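What follows is one structure encoded as structure tokens, with my remarks underneath.
Owing to the predicted nature of the structure, the values given are computational and were not obtained by experimental measurement.
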Amino acid sequence: MRLLTHNMLSSNIKGVTKGFPLKIEVEKVVEKQVEINHDFLRNIFPKIDWKAFSDAARTMGYVELPEQAPDPSVLESDLDFLTKFHHALLELHLEEGALVCPETGRKFPVNKGIPNMLLHEDEV
């Protein structure tokens, strides 16, 4: 599961009001090379919750991103930042582990890179 996916997921358990961001429990992280697309990165940047994204990257062992969201102007001039952003967003994959609801502590397993977000009958 890429951090791009993680940044879009939240817990939909009945009654949960604070289901984002899901915490990550890491068992295995893999890196998969992806061709960089600067236009995609510039377009997705405003849609990313930066705090959740940078915290998730740190949890997965990647500490090259700033803690605070940089000014969007860096996307036009700083290739080093774009490369780091690309790597964290698209090349780091949570292969095995869990996503944890911040409110209830419910764990959603991640197996072979696929998060299982199915709810139990009493959670719907």
Side-chain angles (χ1 to χ4, degrees):
M1 179 196 71
R2 295 176 175 159
L3 289 182
L4 172 62
T5 304
H6 171 263
N7 205 264
M8 306 296 167
L9 292 175
S10 64
S11 174
N12 289 318
I13 297 171
K14 178 175 58 177
V16 168
T17 58
K18 175 111 173 62
F20 179 86
L22 295 166
K23 296 175 185 161
I24 297 176
E25 290 185 354
V26 176
E27 289 179 25
K28 180 181 178 186
V29 174
V30 296
E31 293 184 22
K32 298 179 182 178
Q33 296 297 314
V34 176
E35 187 175 333
I36 193 166
N37 181 329
H38 295 143
D39 289 332
F40 172 77
L41 295 172
R42 288 182 187 104
N43 288 325
I44 198 71
F45 181 79
K47 298 174 177 99
I48 296 294
D49 181 302
W50 190 264
K51 172 113 176 77
F53 175 62
S54 65
D55 288 350
R58 286 181 194 349
T59 299
M60 290 177 57
Y62 189 69
V63 296
E64 301 297 316
L65 296 172
E67 288 188 34
Q68 300 297 319
D71 188 272
S73 65
V74 302
L75 299 168
E76 300 303 325
S77 59
D78 190 342
L79 286 177
D80 184 53
F81 171 76
L82 273 178
T83 301
K84 291 175 182 176
F85 178 47
H86 164 80
H87 180 70
L89 190 69
L90 299 172
E91 294 184 331
L92 291 179
H93 289 254
L94 179 63
E95 194 69 14
E96 301 292 333
L99 302 175
V100 182
C101 175
E103 188 172 317
T104 66
R106 160 77 146 80
K107 292 184 182 185
F108 298 96
V110 177
N111 296 308
K112 298 180 184 172
I114 301 170
N116 180 349
M117 301 295 294
L118 293 175
L119 299 177
H120 300 297
E121 194 173 306
D122 62 333
E123 297 173 324
V124 179

Parallel under 30°, tilted from 30 to 60°, perpendicular over 60°: which one fits the rings of Phe85 and Phe45?
perpendicular
[X] versus [Y], closest heavy-atom pair with distance:
| X | Y | answer |
| --- | --- | --- |
| Pro115 | Met1 | CG-SD, 3.9 Å |
| Pro21 | Pro102 | O-CG, 3.4 Å |
| Ile13 | Phe108 | CD1-CZ, 4.1 Å |
| Ile48 | Asn7 | CA-OD1, 3.5 Å |
| Glu95 | Val30 | OE1-CG2, 3.5 Å |
| Leu119 | Asn12 | CD1-O, 3.4 Å |

Would you say that [X] contacts [Y] through its side chain, given a criterion of any heavy-atom pair below 4.5 Å between the two side chains?
| X | Y | value |
| --- | --- | --- |
| Trp50 | Pro70 | yes |
| Asn37 | Leu90 | no |
| Phe40 | His86 | no |
| Leu9 | Phe20 | no |
| His6 | Ile24 | yes |
| Leu22 | Val100 | no |
| Leu65 | Phe53 | yes |
| His87 | Leu92 | yes |

Looking at Asp39 and Arg42, is any side-chain nitrogen of the basic one under 4.0 Å from a carboxylate oxygen of the acidic one?
yes
dist Leu75:CG -> Ile44:CD1 (nearest 0.5 Å) comes out at 12.0 Å
Distance in Å, Leu82 CG paired with Glu76 CD, rounded so as to fall on 0.5 Å steps
8.5 Å
Walk me through whether Lys32 and Glu91 qualify under side-chain contact (heavy atoms from CB on, under 4.5 Å).
CA-CA 5 Å; Lys32 298 179 182 178; Glu91 294 184 331; 5.8 Å; no
According to the side-chain hydrogen bond (donor to acceptor under 3.5 Å, both in side chains) rule, which pairs have a member within residues 101-116, sequence neighbours left out?
Thr17-Glu103, Glu25-Lys107, Arg106-His120, Arg106-Glu123
Would a single hydrophobic cluster contain both Val34 and Met60, if residues Ile, Leu, Val, Met, Phe, Trp and Tyr are joined by side-chain heavy-atom contacts under 4.5 Å?
no
